[in-house]
Amino acid sequence: MNIPVQHTTPASTAPVVPLLARHERTFEGNRFVYPALSRRSGGISVGVNLNPDKVCNFDCIYCQVDRTSLSETRFIATKELLDELESTLRLVISGDIYRTEKFQDTPRAQRRLNDIAFSGDGEPTTYRNFDEIVAACAEVKRRLCGPDVKLVLITNASMFHRRHVRRGLEILDANNGEIWAKLEAGTEAYFQLVDRTTIPFRQILDNITAAAQVRPLVIQALFMRVHGQPPPPEELDAFCDRLSEIIAAGGQIKLVQVYTVARQPAESYVRPLADAEVDAIVQLVRRRTGLAAAAFYGVAS
Ligand code: SF4
């Protein structure tokens, strides 16, 4: 899953933090753990890449993972991953990270560890030992970090119906966890246009609803221009309808993050929305669903 960017100030006045293109998945020779300045959290997010083989069960047209080259790392080496997590957390907590070339420009207000994020070059919940790795990372977090540091799962929600994934979600819940589930369509047709997967849209909706009935979710919705066209108004209406159905079924959504393409996408016909277009979707979501919604802009294009 891609880690999008955050604007925590009101959408129309929020600055663009110029570390946008720096979400490389490697840091100082690490293979699985990478720190990133997250505009969405306004701090450092330490990413854990559970898909070093770059395999994903979606093929999103806006994906920024470079799949034109093969990865040298195909499998998770658990001990190495946990060692990398520990050393990276120590680097952030000590502040030494801000002496590195890559992070020396980090604004002072954002020099804080916000979260450990399961993310990376594919869908993290497809990792077959997902629950075990979440538990092991939670143990490292408990040992090294304050209780306010979150454990975030950035996910396409396609595997929530699997038992071991549900166990992993429960471990997140017990460790200041937050689930950022992707939902960026209102109809099967648009879902397939954007996310390109064999998994039915209904499965994603059912999974999100079931997970949201247990704990509040964050929804990530990326909208863009496809062949020059922004999402049709009827698609955005259908998107709001799907959100309302989740709430009507007893699901809790604490925030809808509306964002757009911020980095080089998989397909060249994908372009970012203008800031005003992102703002308009945020307003629509607020008006139609009553949910909290926030805007995350693309880069100036
Ligand atoms: S879910 Fe989509 S954006 Fe995320 S890694 Fe898979 S293809 Fe890329």
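All values below were derived from every heavy atom in this structure, side-chain atoms included, with hydrogens, water molecules and symmetry-related copies excluded. Heads up: numbering here begins at 1 and tracks the sequence. None of these values were measured; they are calculated from a predicted model. Ligands are counted one by one from 1 in listed order, and the atoms in each one are counted from 1 as well.
Taking every non-hydrogen atom of Cys56 and a distance limit under 4.0 Å, the qualifying atoms of ligand 1 come out as 1 (S), 5 (S), 6 (Fe), 7 (S). Per-residue contacts place Asn156 under 4.0 angstrom from the following atoms of ligand 1 (heavy atoms of the residue considered): 1 (S).
Using bins of under 30°, 30° to 60° and over 60° for the plane-to-plane angle, the ring pair His227/Tyr269 lands in the parallel bin.
Put simply, Cys63 stays out of reach of atom 2 (Fe) of ligand 1, with no N, O or S atom under 2.8 Å from it.
Between the side chain of Lys54 and the backbone N or O of Asp66, at least one donor-acceptor pair lies under 3.5 Å.
Taking the six-membered ring for Trp and the full ring otherwise, the centers of Phe191 and Phe58 sit less than 6.0 Å from each other.
Scanning all heavy atoms of the two residues, the minimum distance from Asn51 to Asp121 falls at O-CB, 3.3 Å.
Under 4.0 Å from ligand 1, the heavy atoms of Arg67 that appear belong solely to its side chain.
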